[in-house]
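Note that the structure is predicted; figures quoted are calculated from it, not measured.
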Amino acid sequence: MKIRFTLLLLALPAALHAQAMHDDRFNWGPVEIVVYADTISGVGVMAGTTEFFDASQFRGYGASFDPAVVAAWMNVAKAFVDSPDPGGVEEMRAAPALVNAGSDSLLLFRRRRGDRGESNVIVQMVSGRGGEGITLLATREQVRGFLRSLGRHGPASRYQAELLRRSSELSAAHVPYEVPPKVRFKGENRHFGRRGVTVLRFTVTVEGRVDPESFEVIRTDDEMFTAAARASLVTSRWEPALITGVRVESHVVLTIQFE
């Protein structure tokens, strides 16, 4: 079936105005993770999964971190992942968490077996807004690649707390957008062999990303359509809305037609 839809789950990366280099993407089983550089909110991480096209199983995570904090955390995280023995006597050992101003966090854990640590690493992404987040069991090499990506995007990122604060104030005041949010990609996908419509409400962040925890289903003809739409939107790119020239969070209602 042809989906007349303005997004592609696996569209080629392209830079937003605030981005200085392409995204890095990691497909860990049913989970797709995107790491990118932003010149306002720092090093960004987005992750999402919808297992077996069951919308009730959707999990998402989105956060941005101060590049200076990322750089300091990287040294500790690399040593923790590379060490044959994470130390201590507890069955589960954790590296110090990477935390942002909104209390979103990235955590690494390793299990201990006898006098050595297991090679696999548990990666946990926790939302400071009370969302479910995502927990993954990854190989050591997968985590090393993820850490390299964070380090690669750090130098091209900036964290401008004052601009983010001003954006938050404008959004809270419900000032009309000078420029509304606009999706940057158009595309088609083929799925299902059925027809229907899904209508979703969600938030586009100042980085031009869809907040995976903001999805609200207004109407859907099938939960399978909802799941496919969410999986595509979580990696989509948008031009953020503008108020007085400042990028702000914006709320979008999108109708997706499956034909």
Side-chain angles (χ1 to χ4, degrees), residues 13-24 33-48 60-74 77 96-107 124-134 146 149-184 201-216 233-252:
L16 294 175
H17 291 310
Q19 292 181 319
M21 58 175 62
H22 292 306
D23 302 339
D24 288 341
I33 301 171
V34 181
V35 180
Y36 59 95
D38 190 272
T39 58
I40 293 178
S41 56
V43 183
V45 179
M46 297 285 286
Y61 175 85
S64 296
F65 300 92
D66 184 338
V69 177
V70 171
W73 180 77
M74 288 281 296
L98 174 63
V99 184
N100 68 10
S103 297
D104 302 308
S105 57
L106 278 170
L107 302 101
Q124 189 172 42
M125 304 177 183
V126 180
S127 171
R129 291 157 289 179
E132 291 185 6
I134 294 178
F146 179 59
S149 177
L150 291 173
R152 189 171 77 88
H153 288 288
S157 304
R158 290 182 62 193
Y159 178 66
Q160 302 186 47
E162 181 60 27
L163 186 55
L164 289 170
R165 182 189 65 77
R166 176 63 177 151
S167 171
S168 184
E169 290 175 351
L170 289 169
S171 297
H174 302 290
V175 179
Y177 307 134
E178 289 176 352
V179 179
K182 181 176 66 175
V183 69
R184 290 179 60 88
R201 180 185 288 115
F202 53 88
T203 298
V204 175
T205 69
V206 294
E207 299 95 357
R209 301 282 175 168
V210 174
D211 180 351
E213 298 178 14
S214 68
F215 287 116
E216 178 185 347
L233 282 165
V234 79
T235 55
S236 63
R237 289 147 170 92
W238 295 69
E239 294 285 0
L242 298 177
I243 300 176
T244 64
V246 177
R247 297 193 303 173
V248 297
E249 282 194 348
S250 52
H251 306 291
V252 176

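The two residues Ala63 and Asn100 have their closest heavy-atom pair at CB-ND2, 3.9 Å. Looking at every heavy atom in both residues, Tyr177 comes nearest to His251 through OH-N, 3.3 Å. Considering every non-hydrogen atom in both Ala47 and Ile33, the closest pair reads CB-CG1, 4.0 Å. A pairwise comparison of heavy atoms in Asp104 and Phe65 identifies O-CE2, 3.6 Å as the closest pair. Across all their heavy atoms, Gly154 and Pro67 have their closest contact at O-CB, 3.6 Å. Nearest heavy-atom pair across Tyr159 and Ala101 is OH-CB, 3.6 Å.
Between Asp23 and Met46 there is no side-chain heavy-atom pair separated by less than 4.5 Å. No side-chain heavy atom of Gln124 sits less than 4.5 Å from a side-chain heavy atom of Tyr61. For the pair Leu150/Val45, a side-chain contact is recorded, criterion being any heavy-atom separation below 4.5 Å from C-beta on. Using a 4.5 Å heavy-atom cutoff, the side chains of Arg129 and Asp211 are in contact. Taking the side chain as every heavy atom from C-beta outward, Phe202 and Val234 never approach each other to under 4.5 Å.
Using a distance-only test at 3.5 Å, with no hydrogens or angles considered, no donor-acceptor pair links the side chain of Trp238 to the main chain of Val210. Judged by distance alone, the side chain of Arg237 and the main-chain N or O of Thr235 form a donor-acceptor pair under 3.5 Å. When atom types are taken as modelled, the side chain of Ser168 and the backbone of Arg165 share no donor-acceptor pair closer than 3.5 angstrom.
Between atom OG of residue Ser236 and atom CZ of residue Arg184 there is a gap of 11.5 Å, rounded to the nearest 0.5 Å. We find the CG-CD1 distance between Leu170 and Ile243 to be 5.0 Å, quoted to the nearest 0.5 Å. Atom-to-atom distance recorded for Ser64:OG and Tyr36:OH is 4.0 Å, nearest 0.5 angstrom. Atom-to-atom distance recorded for Glu213:CD and Thr203:OG1 is 10.5 Å, nearest 0.5 angstrom. Here the CD-CG distance, from Gln160 to Asp66, works out to 11.0 Å after rounding to the nearest 0.5 Å. Of the inter-residue distances, the one linking Phe215 atom CZ with Leu233 atom CG reads 4.5 Å to the nearest 0.5 angstrom.
In summary, the side chains of Glu249 and Ser171 do not present any donor paired with an acceptor at a separation below 3.5 Å, with no hydrogens or angles considered.
Tested against Arg247, the residues Ser167, Pro240, Pro181 include a single side-chain contact (heavy atoms from CB on, under 4.5 Å) partner, Pro240.
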>> Working note: Val179 + Glu239, criterion side chain to side chain contact (heavy atoms under 4.5 Å, CB included); need CA distance, chi angles, decisive distance, verdict.
In response: CA-CA 9 Å; Val179 179; Glu239 294 285 0; over 6 Å; no
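Residues Arg209 and Asp38 are not paired through a salt bridge, judged by the lack of any N-O separation under 4.0 Å between the basic side chain and the carboxylate. Taking a cutoff of 4.0 Å between a charged side-chain nitrogen and a carboxylate oxygen, Glu162 and Arg166 do not qualify as a salt bridge.
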